Amino acid sequence: MREPVIFHIDVNSAFLSWTALARLEQGDPVDLRTIPSIVGGDTSTRHGVVLAKSIPAKAFGITTGEPVVNALRKCPHLVMASPDHNMYRLKSQMLMEHLAGICPDIEQVSIDECYMDYTPIAGNYASPEEAAAFIRHSVFEKFKFTVNVGISDRKVLAKMASDFEKPDKTHTLYQREIAQKMWPLPVSALFTCGHSSAETLHKLGILTIGDLAKTDPAILEAHLKSHGRCLWQYANGIDDSTVVLAPSKAKGIGNSTTLSSDATTKEEACKVLLSLCESVGRRLRASHQLAGQICTEIRYSDFRNVSHQMPIDIPTASVNLLYEDACALFDELWDSTPIRLLGIRTSKLVPEDEPVQLSLFDFPAPRSEKQQKLDAALDNIRAKYGKDAIKRGRFL
């Protein structure tokens, strides 16, 4: 039996990156990621704690979780920004939808990180490293922020690997590599080893993860109880947990994209809508669901947002049917202003095998059956040979 390959995908300084991008979109000439800056606290009172920091801020010794007052003492010219948790949730949702479009087997563990099982997409790439590079590049191309990808045969080691050198890096940490790559690290770098645990271990003369891995676990349990045993297991790369998929069906499936240059014609916009419908349709079929409602979203170049939705007469996962409705909604919405972003979102999902009631006008449906077979054939080709193995002529 082959060992699993697991990715841990983590946004680099998520709150800082997302805040920086939002400010750039609003016309701020300075990218917070390039200067000493933090997100956190109250910018008027300068109270609170540091939620995220830029790499230049890290150079001043500023750490996540420390009081803002301390951070300002270390760097008096530090730039502060207030958090926007609603915006962060939206960014997180968009990222997870994008990653699920690459591989549906993901487990989100926080607002800015998830695990991914590489197995379903292994046939699409020459190596896990190539797949990780594609993920990193696609995230930056689509969203303009970076992620680290850790690769391992164990979840905890994938998590550790993603915390190695940042930003925008891929690192491996297989069990066979832990002695070389992980054991020399300070014990405080081990996943779940907090400040209190690290202090206790230091008093026992345990300074590195390697020291911890070679310590009798009974000694650790005597001082740290069950957590001591857990730390010993992690230090030795022992972790049998697997990627846990979401237990419940998604309430909706969608996709959106910020255009590299504003779309000014219906033809340009509809080409983008078709690409989005292909992604959404593919994910609907992968989850064995049909959409009963569709929404088209537009963000204009002046950052106005408009959207409109409509019910779908017969729930579907067909690209062509989704595209027809998406374009109909686009015609109702567009006011000829240049377009910065387009999005498609489906909702009112039902299982694909759930009976649906047809009207006299829906029968017969040979075209629908042919389309289903065509979509299934295309899905199979892309699953076997990669997503770019076959393309529509209008995308060439």
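Nothing here was measured: the structure is a model prediction, and the numbers come from that model.
Contacts of His137 classified as side chain to side chain contact (heavy atoms under 4.5 Å, CB included), with partners at least two apart in sequence or in another chain: Ala133. Evaluation of the side chain to side chain contact (heavy atoms under 4.5 Å, CB included) rule for Ser92 yields Trp18, Met96, Gln108, Ile111 as partners, not counting sequence neighbours. Annotation: salt bridge (charged side-chain N to carboxylate O under 4.0 Å, His left out) contacts of Glu66 (sequence neighbours excluded): Lys74. Residues passing the side chain to side chain contact (heavy atoms under 4.5 Å, CB included) test with Arg304 are Tyr300, Asp302, Asp335, Thr337, sequence neighbours excluded.
Thr265 and Glu268 are linked by a side-chain donor-acceptor pair at a separation below 3.5 angstrom, with hydrogens and angles left out of the test. A side-chain N or O of Glu177 and one of Thr172 form a donor-acceptor pair less than 3.5 Å apart. Looking at Ser318 and Asn320, their side chains never bring a donor and an acceptor atom within 3.5 Å of each other. A donor-acceptor pair shorter than 3.5 Å cannot be found between the side chains of Tyr115 and Thr242. In this structure, a donor-acceptor pair under 3.5 Å is present between the side chains of Ser279 and Asn255. The closest side-chain donor-acceptor pair between Ser275 and Glu278, if any, does not fall under 3.5 angstrom.
Judged by distance alone, the side chain of Asn148 and the main-chain N or O of Glu165 form a donor-acceptor pair under 3.5 Å. Glu130 contributes a side-chain N or O that, together with a main-chain N or O of Ala126, makes up a donor-acceptor pair within less than 3.5 Å. Under the 3.5 Å distance criterion, the side-chain polar atoms of Thr346 are matched with a main-chain donor or acceptor of Ile253. With Asn236 contributing its side chain and Gln233 its backbone, the two residues share no donor-acceptor pair below 3.5 Å. With hydrogens and angles ignored, the 3.5 Å screen pairs no side-chain donor or acceptor of Thr19 with any backbone N or O of Leu16. At distances below 3.5 Å, at least one donor-acceptor pair connects side-chain atoms of Ser54 with backbone N or O atoms of Ala57. With hydrogens and angles disregarded, a donor-acceptor distance shorter than 3.5 Å links the side chain of Ser152 to the backbone of Leu173. A donor-acceptor contact shorter than 3.5 Å is absent between the side chain of Glu221 and the backbone of Gly228. In this structure a side-chain-to-backbone donor-acceptor pair under 3.5 Å is present from Lys142 to Ser256. Judged by distance alone, the side chain of Trp334 and the main-chain N or O of Ala269 form no donor-acceptor pair under 3.5 Å.
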Checking side-chain contact (heavy atoms from CB on, under 4.5 Å) for the pair Arg154/Gln175: CA distance, chi angles, key distance, verdict? CA-CA 8 Å; Arg154 296 293 182 268; Gln175 284 189 305; 3.5 Å; yes
Report the C-alpha distance between Leu322 and Thr316 in whole Å, list the side-chain angles of each, state the deciding distance to 0.1 Å, and finish with yes or no for side-chain contact (heavy atoms from CB on, under 4.5 Å). CA-CA 8 Å; Leu322 292 172; Thr316 186; 4.1 Å; yes
What's the verdict on side-chain contact (heavy atoms from CB on, under 4.5 Å) for Glu297 and Asn305, showing C-alpha distance, side-chain angles and the deciding distance? CA-CA 7 Å; Glu297 305 168 345; Asn305 295 305; over 6 Å; no
Apply side-chain contact (heavy atoms from CB on, under 4.5 Å) to Asp153 and Val5, showing your working. CA-CA 5 Å; Asp153 45 8; Val5 176; 6.0 Å; no
Evaluate side-chain hydrogen bond (donor to acceptor under 3.5 Å, both in side chains) for Arg136 paired with Thr170, printing each intermediate quantity in order. CA-CA 8 Å; Arg136 288 175 26 241; Thr170 297; 3.0 Å; yes
Any chance you could lay out the side-chain hydrogen bond (donor to acceptor under 3.5 Å, both in side chains) test for Ser110 and Glu113, step after step, and finish with the verdict? CA-CA 5 Å; Ser110 75; Glu113 60 180 325; 3.1 Å; yes
Assess whether side-chain hydrogen bond (donor to acceptor under 3.5 Å, both in side chains) is satisfied between Asp31 and Thr34, documenting all intermediate values. CA-CA 6 Å; Asp31 188 337; Thr34 65; 5.2 Å; no
Start with the C-alpha gap between His308 and Phe330, add the side-chain angles, then the distance that decides, and say whether ring-ring contact (aromatic ring centres under 6.0 Å, His included) holds. CA-CA 8 Å; His308 196 20; Phe330 175 83; over 10 Å; no
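A salt bridge links Asp28 with Arg23: the closest approach of a Lys/Arg side-chain nitrogen to an acidic carboxylate oxygen falls below 4.0 angstrom. By the 4.0 Å N-to-carboxylate-O rule, Lys266 lies close enough to Asp331 to be salt-bridged with it. Between Glu97 and Arg345 there is a salt bridge, with a side-chain nitrogen of the basic residue lying less than 4.0 Å from a carboxylate oxygen of the acidic one.
In this structure, the ring of Phe191 has its center no less than 6.0 angstrom from the ring center of His8.
Environment of CG in Asp216: crowded, with over 12 heavy atoms of neighbouring residues, nucleotides or ligands closer than 6.0 Å. The number of heavy atoms from other shown groups lying within 6.0 Å of CD (Glu332) is above 12.
In this structure, Ile55 shares a hydrophobic cluster with no other residue, the cluster being traced through Ile, Leu, Val, Met, Phe, Trp and Tyr side chains under 4.5 angstrom apart.
Annotation: side chain of Ile294 is not in contact with side chain of Gln309 (no heavy-atom distance under 4.5 Å).
Sorted by first and then second residue, the pairs that involve residues 184-195 and meet side chain to side chain donor-acceptor pair (under 3.5 Å), not counting sequence neighbours, are His195-Glu199.
Of the inter-residue distances, the one linking Ile209 atom CD1 with Leu185 atom CG reads 4.5 Å to the nearest 0.5 angstrom. Interatomic distance, Lys58 NZ to Ile38 CD1, rounded to the nearest 0.5 Å: 15.5 Å.
Of the listed residues (Leu220, Val187, Leu190), just one forms a side-chain contact (heavy atoms from CB on, under 4.5 Å) with Leu231, and that residue is Leu190. Of the listed residues (Asp168, Asp112, Thr146), just one forms a side-chain hydrogen bond (donor to acceptor under 3.5 Å, both in side chains) with Asn12, and that residue is Thr146.
Of all heavy-atom pairs spanning Pro56 and Ile35, the tightest one is CB-C, 3.6 Å. Counting all heavy atoms, side chain and backbone alike, Ala161 lies closest to Ile151 at CB-N, 4.1 Å. Here the closest non-hydrogen pair linking Asp239 and Ser241 is OD1-OG, 2.7 Å. The two residues Pro338 and Asp262 have their closest heavy-atom pair at CB-CB, 3.9 Å. Minimum interatomic distance between Leu284 and Ala291 (heavy atoms only, all atoms of both residues): CD1-CB, 4.0 Å.
Hydrophobic clustering places Phe15 together with Leu90 (ILVMFWY residues linked when any side-chain heavy atoms are closer than 4.5 Å, directly or through intermediates). In the hydrophobic clustering of this structure, Ile339 groups with Leu333; members are Ile, Leu, Val, Met, Phe, Trp, Tyr whose side-chain heavy atoms approach within less than 4.5 Å, directly or through other members. A single hydrophobic cluster is seen to contain both Leu99 and Met94, as judged by linkage of ILVMFWY side chains at heavy-atom distances under 4.5 Å, directly or through other members. The cluster map of Ile, Leu, Val, Met, Phe, Trp and Tyr, joined by side-chain heavy atoms under 4.5 Å apart, puts Met310 and Ile344 in the same cluster. Under the 4.5 Å side-chain heavy-atom criterion for ILVMFWY residues, no single connected hydrophobic cluster contains both Tyr234 and Val243.
Between Tyr118 and Tyr125, the ring planes lie tilted relative to each other; the angle falls in the 30° to 60° range.
Stacking of Lys144 on the aromatic ring of Phe140 is recorded, both the 6.0 Å distance cut-off and the 45° axial limit being met.
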